[in-house]
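I have placed the structure first, in the form of structure tokens, so that the comments after it can refer back to it.
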Protein chains: 4
Amino acid sequence: MSRRAPGPRARLAVAGLGRMGRVHAENAARACPSAELACVFDLREEVAREVGAQLRAKVALELGQLLDDASVDAVVVASPTSSHFELAAQAAQAGKPVFCEKPLSLERSPTVGLIEEFKRAGVGLQVGFHRRFDPALCAVAEKLRDGELGEIFLFRATQRDKAPPPPEFLASSGGIFLDMTIHDFDAARWLLGEVVRVSAHGERFSEPAYKATRDHHTVVSVLEFASGALGVADTSRVAGYGYESFVELLGDKATVRVEDPYSARYELLVPGSASRPIVQRFPERFGAAFVAELEHFARCVLSGAAPEPSGADALAAFDIASAAAESCRRGVPVAVTHAG
Amino acid sequence: MSRRAPGPRARLAVAGLGRMGRVHAENAARACPSAELACVFDLREEVAREVGAQLRAKVALELGQLLDDASVDAVVVASPTSSHFELAAQAAQAGKPVFCEKPLSLERSPTVGLIEEFKRAGVGLQVGFHRRFDPALCAVAEKLRDGELGEIFLFRATQRDKAPPPPEFLASSGGIFLDMTIHDFDAARWLLGEVVRVSAHGERFSEPAYKATRDHHTVVSVLEFASGALGVADTSRVAGYGYESFVELLGDKATVRVEDPYSARYELLVPGSASRPIVQRFPERFGAAFVAELEHFARCVLSGAAPEPSGADALAAFDIASAAAESCRRGVPVAVTHAG
Amino acid sequence: MSRRAPGPRARLAVAGLGRMGRVHAENAARACPSAELACVFDLREEVAREVGAQLRAKVALELGQLLDDASVDAVVVASPTSSHFELAAQAAQAGKPVFCEKPLSLERSPTVGLIEEFKRAGVGLQVGFHRRFDPALCAVAEKLRDGELGEIFLFRATQRDKAPPPPEFLASSGGIFLDMTIHDFDAARWLLGEVVRVSAHGERFSEPAYKATRDHHTVVSVLEFASGALGVADTSRVAGYGYESFVELLGDKATVRVEDPYSARYELLVPGSASRPIVQRFPERFGAAFVAELEHFARCVLSGAAPEPSGADALAAFDIASAAAESCRRGVPVAVTHAG
Amino acid sequence: MSRRAPGPRARLAVAGLGRMGRVHAENAARACPSAELACVFDLREEVAREVGAQLRAKVALELGQLLDDASVDAVVVASPTSSHFELAAQAAQAGKPVFCEKPLSLERSPTVGLIEEFKRAGVGLQVGFHRRFDPALCAVAEKLRDGELGEIFLFRATQRDKAPPPPEFLASSGGIFLDMTIHDFDAARWLLGEVVRVSAHGERFSEPAYKATRDHHTVVSVLEFASGALGVADTSRVAGYGYESFVELLGDKATVRVEDPYSARYELLVPGSASRPIVQRFPERFGAAFVAELEHFARCVLSGAAPEPSGADALAAFDIASAAAESCRRGVPVAVTHAG
């Protein structure tokens, strides 16, 4: 009988084992053909041990161990936002490519600093804008690029969360534009190019949790693209019914909608009404996208190609979100500066 | 055999027999249980004769004839917008209640004047905001009023026309906000109460027909309601695929969507895709609403009740549309003055 | 001012003012451009008077009055099935074309007799198989005839009623095949031509109401067409959720489905599920078809053309339904005799 | 840094690397938490080497090697049907539990023999009826068992394949009932219990490929359940539009439908119509079910529990399919014998 023939796989370490960190660890261990899970790390040692045992990965007790480990090819940073900068920067200095959850930072200056750090280190940085890997959005992007939709006049996005996160998370979330709408801003840029001006608006109900942070639970952002097209994104943390992400492109040849908020293939008919179950949380909606983004990263690690979306993409989306937050606060449209 | 027992019906005259005038004439003649078509009038005499013959109604050769006719209980004004003021004012002076297509006028001052004219004459004025009579929107309004949706955070509307009207109509249309979005503004007020500020935006493609009039083919309007809720309406004249009207209310107990842009109950499955026909023009979408609004008018004529939506509703929607047009032109949010 | 110019309309009398009789009376009075309601008749005089007053039609106190009335051009027979034969035969003898609700009779011999009666009298007979006038099925029929579907391999139909009628009606209904599935049998013949053999099956739950009449509340009928195609129709009186009619044609070029059981254009989203209202009764589903079938009849009355579906169509569908009932009873497939 | 902590996984070998074999091999290697891919085998050595390299599994050059390998806990048999018996029997004799693709055999006697072989060997046998692991059908089964649907009157299933397999496969497929409808027969038994009689019918078009084998490309099977309920399944190999599997349970409390033939979450709107992509092949529709059935098998291997669906389930579905084929041939209903 022949010997095991190992295929080439990128050996990934996952640092931070919260909800998204576990998703990435599982995907590295099982779902991505080009990846394997080499090692996991979390400040909560027992969490790291549990995940490591379950997924048969080594457990690093300190970040240094993980970065020194020659059998770790690259690092997935999925820790709380406040530690993204430090973990990613150290990984860059250790010469390891990084996949980092968004946002890189809640501030512009560290975001810029991190991008420069990776440039200096000459290693790749991919940001967790998973929409770019959603099969439906990818099909739409292909139709757009093939000219099937013609010229685009309007980008429209809706994003809904079932319920707001706990107050302590809200306070450190950076606000709804940076926490949620940023995914729509990135999708907008990815599909239609640069945004030059944003005008944003929030509801004016006075719930303490939002008041304290000048945040809103429901906002509308109007985007003006360099192309002349318009964009509009509504975002809400209080939809109640479940999680939903909708994107539409209105083109002069065709219009396309990514929709379908249902979570299962069945319909229940009772006297007077027919109902379908709705997706409850975003990992349910974007499961395939999470696999695909990590597989893309793993392939870039193996080939040495620069992964996308890049740090520059993260900065551009950050700038739109910041402009939206400022517009919402000041009540006037705000231009988006393009540093690049 | 017993004699014919005539039920009480309002005898309506229709002045102006373009597309909407014909719809109203047919509905008066056939579809509305409380109405009958007494008389038709159009400046194009042959059109009036043709419609009169088809629907078995008298034909007035001058407006005066129609207004002097004691067998005419009330008048439906469906002529071009520029003549709404004169026809409606004369009918009021003749003591006839009027159903007038929107907008009453392209200017504020005649709109206000007309309302006063009807107040002086003591006769009813109903404006053609047919959305309020759409069965689906009525069901939604009922759920809202019953508290089934809870508090509303967001009103969202989409309106799409297949293709822009001819340039000559565009020039006299009053612009997209006054011509199209005004229906969403009225629906917004009807469902959620007063709008206090509008921020509107247009695409910046340079098509001559729009340039000349500083109009846009695609616009987004953000509404701030007195309640604190947000609203957003996107409107486009260049959707290509057909006509569509979508309305959503996001509430803290439930969310409801009026959607379903399909024009028939069948689905065609060919290799690789399943397709449904789409509604092409608004009369197809709102046929039942046109019958219901005229039936409501006829009943008010018979009972003497004040019909709704009233002249004041027309003025309020006009003010929102004007504010939107100004916001779009000036690039800043504009407050909506409430005259009342 | 010119005089009223009456267009040519067929003056219809409606005999029998139960649920369907009222629908036809209203449609004649209001909805059908080529019809007007001349007269109504019902054994229950107060019902006739009420409908007559409401729709401004004369009221006949005896059938003879109605048949003698020279201002009645044709008769709509919508009385209980047991009186179809007598009313229709008398109308034929009086030289009046007849629109008769299905079935002409619960027995074959009077059905044949009635057809001969009309042949002798030389007047038209249309049977109330309204499916042939449903806009969605008409669109499907057109696609089929245009060759867009290719050769058809399978006809599939589902018909569901919310709840069974009261036991006394069940006993005189002729059974589920003759009462309900007959509409699918007629649609099958209309679309795909003659049926040569039927194999039918019923559930075997023992509810007294059905036991007494050897009827079933849920049945499946398999059809073999002369073309070689297969057909299958399931029918149930106990669906609970509402009324539904589904038809599918599986063709070698395309497949088409008439579906959409929803009764309104809105969707309600609550925690975990999205629901739509369902059609509750067949008049809601087939309202447009009822108008169209009567309009077709009125036009044939005016032009003298032979209306369709004809008495021969009624007989053919009766024969399929009888064969189905026999197959279901005997447990073997039964050939359909074609008398014609 | 701690050592790798291997979780308990069943080490599976896959014998036969056609379409389904590769799916199982991939799932064992990547998707199933309780499985790992120990070894692959195919008569075409180069295929085995390629899959082994890709999935990093050992490659067995003969079946004996695989069965002798102590590091192989269980065997997945996915070879052509004609070799199922031999491979499965040898594995049983070697004491390895087997997951075998359906059907176990095209004949009854070897099917029974195989079941006895496994009983003698005292090892588990699971059959590839993947429907039982489809998330939507599982949700339906749960509702059924919880009494949410009430008593079931009708089971309805539709199964469609885009195009028939090549003639050479058709000839050895065992016919459409044993090849395709058997999945619906198994789902019917699983959900509603035993079937006592079948009546089946085939279209009568004369295509040589089917004529030769007395097979049909489109069939309808009517099932009578011991409970008194009815069932109907239509199956076609020539749907053209794609692959589809539909199941409905009509209950006296609620009705449920597993539907949704669309393959992506987007809708494309072009002038006049809105279209959605359709699932093209069954692995696309049942991907999650294939993972879940193998995971179930792996867990049974680890725990020693008897896996389901069992050999007895395979025999019962075989008997229904045989009765359907006989009914279709003879033109009469055929009783289903229950050996058990």
Side-chain angles (χ1 to χ4, degrees), chain A residues 19 136 156-166 180 184 203 205 207 217-220 233-248 255 257-287, chain C residues 19 136 156-166 180 184 203 205 207 217-220 233-248 255 257-287:
Chain A
R19 186 166 60 169
R156 189 162 65 105
T158 285
Q159 192 184 168
R160 302 277 167 79
D161 228 344
K162 199 176 167 65
M180 286 184 69
D184 297 304
E203 43 62 48
F205 294 97
E207 294 179 32
H217 59 57
T218 303
V219 293
V220 169
D234 69 272
T235 315
S236 178
R237 296 189 194 274
V238 291
Y241 59 83
Y243 176 84
E244 186 175 7
S245 167
F246 167 96
V247 171
E248 180 188 41
T255 289
R257 290 173 180 167
V258 174
E259 51 186 350
D260 182 6
Y262 310 115
S263 66
R265 288 174 179 272
Y266 69 85
E267 186 172 32
L268 186 72
L269 298 94
V270 296
S273 79
S275 73
R276 293 181 169 282
I278 301 182
V279 167
Q280 292 301 290
R281 281 182 298 272
F282 75 89
E284 202 184 324
R285 167 67 183 82
F286 287 109
Chain C
R19 186 165 60 169
R156 189 163 64 106
T158 286
Q159 193 183 168
R160 302 276 167 80
D161 229 344
K162 198 177 168 62
M180 286 185 68
D184 297 306
E203 42 62 47
F205 294 98
E207 295 180 28
H217 58 57
T218 303
V219 293
V220 169
D234 69 273
T235 315
S236 178
R237 296 188 194 275
V238 292
Y241 59 81
Y243 175 83
E244 186 174 8
S245 167
F246 167 96
V247 171
E248 180 187 44
T255 289
R257 289 172 180 169
V258 174
E259 53 185 349
D260 182 7
Y262 310 114
S263 66
R265 289 174 178 274
Y266 69 85
E267 187 172 33
L268 186 72
L269 298 94
V270 296
S273 80
S275 72
R276 293 183 168 279
I278 300 182
V279 167
Q280 290 302 290
R281 282 181 297 272
F282 75 89
E284 201 185 325
R285 168 65 183 84
F286 286 110

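Quick note: numbers below take in every heavy atom, side chains included, and nothing from hydrogens, waters or symmetry partners. Throughout, protein chains are lettered first and strands after them, A, B, ... in sequence-line order, and every chain is numbered starting at 1.
- Distance check, rounded to the nearest 0.5 Å: CD of A/E267 to OG of C/S275 gives 10.0 Å.
- No other option in A/G272, A/P261, A/G242 has as many heavy-atom pairs under 4.5 Å with chain C as A/G272.
- Of all the listed residues (C/V270, C/I278, C/V279, C/L268), the one sharing the greatest number of non-hydrogen pairs under 4.5 Å with chain A is C/I278.
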